[in-house]
Number of protein chains: 2
Amino acid sequence: MELSERKLQILHAIVADFIYSAEPVGSRTLSRKYDMGISPATIRNEMSDLEDMGYLSHPHTSAGRIPSDKAYRLYVDQMMKDYQIPEAEKTIIAEKLTQNVRELERTVHYAATLLSEITNLASFAITPNRTENTLKYVNLLPVDERTVVLMIVGQDGKVSSANIRLEHDYTTENLELMSRVLTHNYKGKTINNILTLDIVKAFENDMYAIHDFAQRIAPDFLDTLERMLTVDLYMEGLSNIFSIPEYNDIDKARCFIEMVQKKQQFTEVLVNRENGLIITIGSENAEAYMKDCSLITADYRIDGRLVGKIGVIGPTRMKYGEITSVLKYMSDNISQTFQLKGEKKDE
Amino acid sequence: MELSERKLQILHAIVADFIYSAEPVGSRTLSRKYDMGISPATIRNEMSDLEDMGYLSHPHTSAGRIPSDKAYRLYVDQMMKDYQIPEAEKTIIAEKLTQNVRELERTVHYAATLLSEITNLASFAITPNRTENTLKYVNLLPVDERTVVLMIVGQDGKVSSANIRLEHDYTTENLELMSRVLTHNYKGKTINNILTLDIVKAFENDMYAIHDFAQRIAPDFLDTLERMLTVDLYMEGLSNIFSIPEYNDIDKARCFIEMVQKKQQFTEVLVNRENGLIITIGSENAEAYMKDCSLITADYRIDGRLVGKIGVIGPTRMKYGEITSVLKYMSDNISQTFQLKGEKKDE
DNA sequence: TGTTAGCACTCACCCATAAAGAGTGCTAAC
DNA sequence: GTTAGCACTCTTTATGGGTGAGTGCTAACA
C-alpha cells in the first residue's frame, strides 16, 4: 500500500515533533500545532492506518503515537530536510580541526570531542586500519646494557615501537646489522603481508650470523608490527546521554554505558561497518544490544586511501538531519586536511 | 573526649555493617546481629553520643545511623582489619600482570582493568611523569618528498614521534646532520630542562648552515618533547558504579560519570596527589565535586624512581580493607616487574 | 551512676483509592 | 470522506491510612 500525500505529511509531522519533544504525539496536539486543515478525528483515522502499516506504535491505549524504526528510516530516506550548518559553526569546525594537523590521532580525537559538543550526543572515532601500509624502516637502538628500543616506521609515517629486554649483552654492530637486514628484507612490503610470513624461520635463515639474537627479537618484531595495526577508539561526550529523556531510566543508562565501554566489541562493529555516511536505526543494527540505538557514521580518508570512521551513537530518536550534516562536514574536513599532505602545508 | 572501648566497638560495628548493607544501622539490628551484651537502649545512648561527636548522622528522625566521613577515617586508621587476599587471587594477579611486561603502558592499562574487575569499582591508572627522564637520541627519518618523521628516544626507552610536513624539499644529508647535531646537543639533558631552553634561538645559533630548515623543525621538536611528558590516564569499570546503591539516583550517577570523564582535570588531581597508599574520604578531597567520593591510590615505581599511580574511586561507603590490600599488592607487583629491568628478564 | 524496659512519636514506604488529563476508538451525522 | 461527540483507557498525581523500623525520653532497677 502506497502512502498518500496526507499520510506522509502526518507521519513527517509526528516524527519531527517526537524528535524534539520525546513525548508521544496525539492527534489533537498535531492538528493544533501544525495547521493542516483537517480535524483531529481525521488525523486519528490516518494514524490508525499508519500504525497498521508499521510506521507508528502505541505505548498504551490512551497515549499518543511514537514513530517506529521503519518511520525513522522513511524520514531519513525521504522526508528529512537538509540542515544548513550556520556559517559561524562551519568556521569554528574548520578552524579547530585544521589548526593542529601534525598527528592524525590527535586531530581525530579532537574531532570526536568537537562532535559530541556540537551534537550533545556520545561520539566516537576510530583511526584507520593500516594493514595496507608498507614498511619503511626498522631501527634497533641501544638504551642500556640489556635494553634496546625496536622502532618500525611505516610509509605513511606511523611509528610503532617497543622496549626489548635482552638476556645477554649485545653489540652496537649487531643492532645496526639487524636494523639494516630487517629494513632491507621487509621494506616496501605491506604490514599485513609481513605478518603472514614465518618471521622466526626467516630470521633464522637470513641472519645466521647473529642467530640467537635474531631469534630473541622475532616475537617483539611481530608484536610491534601487530600494534601498527591497532585501531584506536576515541569515545567522547558519554555523560551527554544523561540529558536525554530516553536514558532517564537508570537501567537504560547503564545498558548504554556498558555497551560503549566494551571498547573492543564496539571497535569491531565500527571497523566492519560499511564506508560512507551510514545510518542504522534501532533494529537495523545487527547487534542485539544496539536495538534501541541509532548509529550514524561517516568515514574520513588519508591520502584518499586509508579509511577511519567518526560518528555518534544515541537513542533512535535523534536529530538525524542536523547530525548527518555536521558529521559529513567534519569528516570531509578531516579528509581534506590529510589529503593536502605533501602538496601544501598550511593554507 | 576520648572514645570508650564500647563506643569504638559500636562504631566499628556500624561502619562494618553499613559498608556491606548500605542501609542505615539501627540500635535493635545492631544488638541482634552483633552480640555485645548490651540492650538496644544502651546502644541508642551511645549512638546519640557518637552522633554528638560527629561520627554518625541521621538521614531522618526515625532512621538508623550512618557513618560520617570522620567515622570512616577512624575506621581506616584504627579499626579496619587487614584483609588477606586469597592465594588463588594473588596468583591470578601476579600472573596476569607479569605475562606481558614489554610495555609499561599496556601493563598499567591492564592493571586498571584487573583492578576494576576485582573491586567492582571504577578504577584508573596514570603513567609516570617523565620530566626527569633524559634524552637519548633524536632521529629524523625521510618518509616522502615533503614528509619526515621526528623521533625522540628517552633514556628509559620511551619514544615520542611526530610527522612533520615541510614546505620545501630537504636532503637526506640535512636530516642526518640535524639528527646528529640535535642528539649531540641534548643527549643526557632532562626533558624538562630542554623544554626550558630557547630552542628556536639555539637552533639558529648551532645550525646556521641549515638555518631555515632547523627553524621549521624547532616547534615540532618542542611539541614532540612535550608529548614525552604526557601522562596517560586509563579509566576502567565505569559501568560498575551502576551496581552501587549510592548511584541508583540518576543525578548522582550523572555527576559521577561527568567527574571522571573530565580526564584532564582528573589526571591533574592524580598527578598532584601525594605518593604512597593514600586514602581520601569524602570531604577530605580538596575538590568540591569529589565530596561524595572516596579515592584510594597507590603508586608504582619504575627502576625505583619514576612514579605512576593506580587506584579506585567510588562512594565513601566502600570496602576499604579489601581494596587497600588488593591495590597495594597490585602496585607492588607492577613496581617489582619494572624493577627487574636489566637484571633478570623473566621469572 | 550506668543500664534497661517501656512507650509515645516520627518518618519512610507501601498500597489503595480518587481525580485529572490526554488521547483513543467507535458511531452517527454531515 | 470528514467530523463531532462520547465513552473508555491508561498514566500521572495527589491523598490517606497502615505498617515497620527506629528514635528519644522517662522512670525504674542494680
Side-chain angles (χ1 to χ4, degrees), chain A residues 1-11 13-15 17-18 20-68 245-246 248-249, chain B residues 1-11 13-15 17-18 20-68 71 245-246 248-250:
Chain A
M1 176 178 175
E2 197 52 45
L3 283 171
S4 69
E5 187 55 39
R6 194 169 67 184
K7 278 199 175 61
L8 277 175
Q9 200 189 352
I10 290 173
L11 188 56
I14 293 174
V15 173
D17 196 80
F18 186 69
Y20 278 83
S21 71
E23 297 290 334
V25 187
S27 56
R28 201 184 161 70
T29 325
L30 213 56
S31 86
R32 232 187 302 121
K33 238 180 187 166
Y34 307 82
D35 185 27
M36 40 182 101
I38 44 176
S39 79
T42 312
I43 295 177
R44 275 206 289 283
N45 287 330
E46 297 286 37
M47 278 172 147
S48 182
D49 289 351
L50 285 167
E51 185 167 354
D52 289 342
M53 298 163 78
Y55 288 105
L56 296 176
S57 77
H58 241 171
H60 54 86
T61 338
S62 68
R65 294 330 206 272
I66 59 173
S68 66
E246 272 85 345
N248 266 354
D249 178 13
Chain B
M1 176 178 172
E2 197 51 47
L3 283 172
S4 68
E5 187 54 39
R6 195 169 66 183
K7 278 199 174 61
L8 278 174
Q9 199 189 352
I10 290 174
L11 188 56
I14 293 174
V15 173
D17 196 79
F18 186 69
Y20 278 83
S21 71
E23 297 291 335
V25 186
S27 55
R28 201 185 161 68
T29 324
L30 213 56
S31 85
R32 231 186 304 121
K33 237 180 188 169
Y34 306 82
D35 185 28
M36 40 183 102
I38 45 177
S39 79
T42 312
I43 294 177
R44 276 205 290 281
N45 287 330
E46 296 286 38
M47 279 172 148
S48 181
D49 289 350
L50 285 166
E51 185 166 355
D52 288 342
M53 297 163 78
Y55 288 105
L56 297 176
S57 77
H58 242 171
H60 55 86
T61 338
S62 68
R65 284 351 198 264
I66 59 174
S68 67
E246 272 85 345
N248 266 354
D249 178 13
I250 195 92

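Computed over heavy atoms, backbone and side chain alike; hydrogens, waters and symmetry mates excluded. Protein chains get the first letters and strands the later ones, always in sequence-line order, with residue 1 at the start of each.
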Give the rounded distance in Å between these two atoms: [atom1] of [X] and [atom2] of [N].
X     : N      : atom1 : atom2 : answer
A/R6  : D/dT3  : CZ    : P     : 8 Å
B/L56 : D/dG22 : CG    : P     : 14 Å
A/I14 : C/dT24 : CD1   : C1'   : 13 Å
A/I43 : C/dG23 : CD1   : C1'   : 13 Å
A/I10 : C/dT24 : CD1   : P     : 12 Å
A/M36 : D/dT2  : CE    : P     : 14 Å
A/M47 : C/dG23 : CE    : P     : 9 Å

Residues in side chain to side chain donor-acceptor pair (under 3.5 Å) contact with B/S68, at least two apart in sequence or another chain: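 Not a single residue meets the side chain to side chain donor-acceptor pair (under 3.5 Å) criterion with B/S68.
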
Search all heavy atoms of B/G64 against all heavy atoms of B/H58 and return the closest pair with its distance. O-CD2, 3.8 Å

Counting only heavy atoms not in A/D35, do more than 12 sit closer than 6.0 Å to its CG atom?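 No, CG of A/D35 has 12 or fewer neighbouring heavy atoms, counting only those of other groups under 6.0 Å.
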
Is [X] near enough to [N] that one of its side-chain N or O atoms lies under 4.0 angstrom from OP1 or OP2?
X     : N      : answer
B/T29 : D/dA21 : no
B/T42 : C/dT3  : no
A/R28 : D/dT3  : no
B/S62 : D/dT23 : no

List every contact pair, protein side and nucleotides 25-27 of chain C side both N or O, where the distance is under 3.5 Å.
residue: C/dG25; atom: OP1; partner: A/R65; partner atom: NH2; Å: 3.4
residue: C/dG25; atom: OP2; partner: A/R65; partner atom: NH2; Å: 3.2
residue: C/dG25; atom: N7; partner: A/R44; partner atom: NE; Å: 3.1
residue: C/dG25; atom: O6; partner: A/R44; partner atom: NH2; Å: 3.1

Test of understanding: with side chain to side chain contact (heavy atoms under 4.5 Å, CB included), list the residues that count as partners of [X], not counting sequence neighbours.
X      : value
B/D249 : B/D251, B/K252
A/N45  : none
A/S62  : A/H60

Please tell me if the side chains of B/I14 and B/Y55 come closer than 4.5 Å, counting only heavy atoms from C-beta onward.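 No - every pair of side-chain heavy atoms lies 4.5 Å or more apart.
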
Check the pair A/K33 / A/V25 against side chain to side chain contact (heavy atoms under 4.5 Å, CB included), numbers first and verdict last. CA-CA 11 Å; A/K33 238 180 187 166; A/V25 187; over 6 Å; no

Of the nucleotides C/dT4, D/dC10, C/dT24, which one has an atom closest to the side chain of A/H60?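 The answer is D/dC10.
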
Out of D/dT3, C/dA5, C/dT24, which nucleotide sits closest to the side chain of A/I38? D/dT3

Base-paired stems in DNA chain C, each at least three Watson-Crick or G-U pairs under 3.5 Å: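 Listed by first number, the stems are C:1-30 with D:1-30.
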
Roughly how far apart are B/M36 CE and B/I10 CD1, rounded to 0.5 Å?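 Result: 6.0 Å between the selected atoms.
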
Report the residue (B/G37 or A/P24) whose heavy-atom-nearest nucleotide on DNA chain C is the more 5′ of the two. B/G37

